[in-house]
Structures are given as structure tokens and as C-alpha cells.
Amino acid sequence: MLTVQKFGGSSVADAGKIKRVAGIIAERARDGGSVVVVLSARGDTTDELISDAASISSEPPKRELDVLLSTGELSSVALMAMQLAKMGLNCVSLSGRQAGIMTDVNHGEAKITNINTDRISRELGAGRIVLVAGFQGVSENDDITTLGRGGSDTTAVALAAALHADRCEIYSDVDGIYTADPRLVTGARKMDAIDYEDMLRLSLGGSQVLHSRSVAAAMKYGVEVWLLSSYVSAPGTRLARLDGRPDICGITRDKALSRISIVGKGVGRRTLAEAVAALSQHDILTLSADTGDGVCELTVEPQHVMPAMEILHKQFFLSLSHSK
Ligand code: ASP
Ligand code: MG
């Protein structure tokens, strides 16, 4: 059994958290299975590196910015390897390049084009836990590239597909996918499972739980992904192709655009009309609106985004009034 596990940056932010995550990895490895682990940069490292670059130049060369940003994930895998070694586990850390992750030359937003799994397979064959630095690869010019913010999720899904892994697990500080961000919206409900289509629309709408490219890759290659918590052992949410998609699935927002997206198979013009009416009852003006296939989007004033999320979540997810 081969498992790919990915841990987000806040899950490995300090020595204590690294130790906790090492425990989760060790448990899986002790079950006798092969484990490939993808890590993000610790805590706020990526933001700090970006501001380090900005303190030198307002327009750093993109190639050099990628070299700099790639160090965040490298430091995570090196430290995790030290922790696992201390626990007596056989492991090795690899950069994206060493892990055979090939990308196009689009620095800062590179796309994975191919994965040469030879090195990883060799290390797994030698009985090692393989720790791969997320969010990075190497271009055909042999330059380090990065995959865009949140890109470690895509590293994990792409590796799971390339290695034909039996299981792909993405750990973060939330224990799954909710009808809305449970840290921001009251009464948000966790889902047992979500379809690729709905998750893709939520990711494109601004949900930070999964990098949208990772969802597209999972859908393309049919990789089932388990969204789990690094802190509580709860069942989490399964991302897969579902037989029945719900009429209404989730709501998210893009903070920068003050745009709210309501997602679900049955979402359409009727949903939009109900949403606009519910908001206007609370004196919130909808500035612009659009409906697409399984999604409707509304833009409001920035200060209205969070109250609007509450109102709409209540309207569509906490009452049974919704109809197509
Ligand atoms: N460290 C990168 C970021 O903060 C990639 C990732 O976390 O997935 O965007
Ligand atoms: Mg993330």
C-alpha cells in the first residue's frame, strides 16, 4: 500500500508541530506501507521570503524569486527528515527537482508537465519514507520553478497520480470541507464527501482549502483525496467523483474581489434571485451578479462580504426553503 500524505505550512510551523506530524507519518509507515510525504513551507515562511525579496527589489527577477521561495519547502523537508531520523525511521528528503517534477518555464505559476518517478521509486524500494518539497519543480532549462500559492496540494495530487498511490491524504488545520469556512461562518457543516466539480468551483471561487489546480489534476487522473486534520483524528472529507451531487453544496468568497460564490448542481438563476432578495432585506446591495454552470457569483461592498456570507449561508444551508 502506497500513501501520499501532504501537510500544510501551519501543521509544521514549529518543532512541536513537526514532532506531531512525524507521529502521523510514522504510524502510517509502521503499518508496513510505503509513504511519500509532501510538505509546505513552515508557517508564514513564504510570505516572509516574498517580503525579503521586496526589501531588495520592487521587481525581483522571477527566476531568482523562485529560487528563494523554493527554500521554504526545502527547509520543511530537511527538518522533518531530521525528526524522523531521530525517531529511528529510514527517510530521505528530496527537492522538487530530485523528485523528478518537471514543469513549464512559467516562473511563479509553473504547471507540472511530467514526473519522472525513478528516484522516488528507488528510495521507496530501499524502504525509506520519501519527503518531497512541495510547490516546486524544475523547468526544461534546468531552473527551479514554483507552482503558485498553495501549490503543494498540486505536488501531492500529481505525485499520487504518477505513483499510482493507493491513497492521497491532505492534512491541514481544518478537518475537511464545510458548507462554508467554519472559522468565519456560524453553523457551517462538514461534508463526508464532495464531487470534483463542486470542489473545483469552490476553489476557483476563493476557498483556500485546496489549490484549484490540485482539484483539476485529481479530477483528470481520478485521484481520490482525503482532506484530514493534522490535529484531530476525524474521518474528514473524501474528494471523488460522486454518483449524486447535491443541489446546493457550499458557499465561499474571494476576499480580494469581494465576490461570493454559491456552488451546487442545482444552483442557477433562481438561486441568484433568492440571494439578491435575501441580501436586500438586510440592506445589502448586490453590485454585480453572474450565474454559470453550477455556480452563482455576487459582488458586494468589501465591508458587506462577511455579513452577506452569514445571511446567504443561513438562507441556503440552514433552512430548507431552497428550491431550484
Ligand atoms: N508555501 C507555498 C505557499 O504558501 C505553497 C503551499 O503552501 O502550498 O503558497
Ligand atoms: Mg494550502
Side-chain angles (χ1 to χ4, degrees), residues 4-14 17-18 21 36-54 62 65-80 93-97 99 101 103 106-112 131-138 144-160 168-178 181-184 194 199-200 202-218 225-231 236-237 239 252-256:
V4 174
Q5 298 184 317
K6 181 255 169 180
F7 296 89
S10 58
S11 306
V12 291
D14 56 41
K17 290 181 171 174
I18 288 178
V21 164
V36 173
V37 178
V38 175
L39 298 180
S40 290
R42 295 183 303 142
D44 298 326
T45 306
T46 306
D47 289 332
E48 284 160 16
L49 292 170
I50 290 171
S51 56
D52 285 349
K62 286 182 164 181
L65 190 58
D66 274 356
V67 174
L68 182 68
L69 295 189
S70 71
T71 64
E73 274 69 13
L74 280 174
S75 119
S76 296
V77 288
L79 291 168
M80 185 61 76
S93 67
L94 299 177
S95 68
R97 182 175 188 269
I101 298 172
T103 74
N106 189 9
H107 284 287
E109 209 50 67
K111 227 171 128 180
I112 297 176
L131 303 157
V132 178
F135 169 66
Q136 58 183 274
V138 62
I144 295 171
T145 51
T146 65
L147 309 181
R149 300 305 305 265
S152 300
D153 297 332
T154 302
T155 306
V157 171
L159 278 174
C168 179
E169 301 173 337
I170 295 194
Y171 290 83
S172 67
D173 45 11
V174 286
D175 59 350
I177 307 293
Y178 282 69
D181 187 334
R183 293 165 299 191
L184 303 175
I194 184 168
M199 191 65 234
L200 189 60
L202 287 173
S203 293
L204 292 170
S207 157
Q208 306 274 316
V209 184
L210 278 178
H211 192 223
S212 62
R213 269 195 191 154
S214 75
V215 184
V225 180
W226 288 89
L227 286 315
L228 301 163
S229 159
S230 306
Y231 305 107
T237 300
L239 170 67
T252 189
R253 60 99 157 83
D254 187 315
K255 205 173 170 187

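We count ligands from 1, going down the list as the structure has it; atoms in each ligand are counted the same way.
For ligand 1, the polar-atom distance check against Ser152 finds a nitrogen or oxygen pair separated by under 3.5 Å.
No option in Ser214, Ser76, Ser40 other than Ser40 meets the side-chain hydrogen bond (donor to acceptor under 3.5 Å, both in side chains) test with Ser152. Among the candidates Arg213, His211, Lys6, the single residue satisfying the side-chain hydrogen bond (donor to acceptor under 3.5 Å, both in side chains) test with Asp153 is Lys6.
Ligand 1 has no atom lying under 4.0 Å from any heavy atom of Gly9.
For the pair Val12/Lys17, no side-chain contact is recorded, criterion being any heavy-atom separation below 4.5 Å from C-beta on. You'll find the side chain of Met199 stays beyond 4.5 Å of the side chain of Val225, heavy atoms only. Residues Leu228 and Gln5 have side chains not in contact (no heavy-atom distance under 4.5 Å, counting atoms from C-beta outward).
Nearest protein neighbour of atom 2 (C) of ligand 1, counting heavy atoms only, is Glu73 OE2, 3.4 Å. Distance from atom 4 (O) of ligand 1 to its nearest protein heavy atom, with residue and atom name: Arg149 NH2, 3.0 Å.
Listed by atom number, the atoms of ligand 1 under 4.0 Å from Ser40 heavy atoms are 6 (C), 7 (O), 8 (O). Atom numbering of ligand 1 starts at 1 in the shown order; those under 4.0 Å from a heavy atom of Gly150 are 3 (C), 5 (C), 6 (C), 8 (O), 9 (O). Close contacts of ligand 1 with Ala41, meaning ligand atoms under 4.0 Å from a residue heavy atom, involve 1 (N).
Looking only at atom types and distance, the side chain of Thr146 has a donor-acceptor partner in the side chain of Asp66 under 3.5 Å away.
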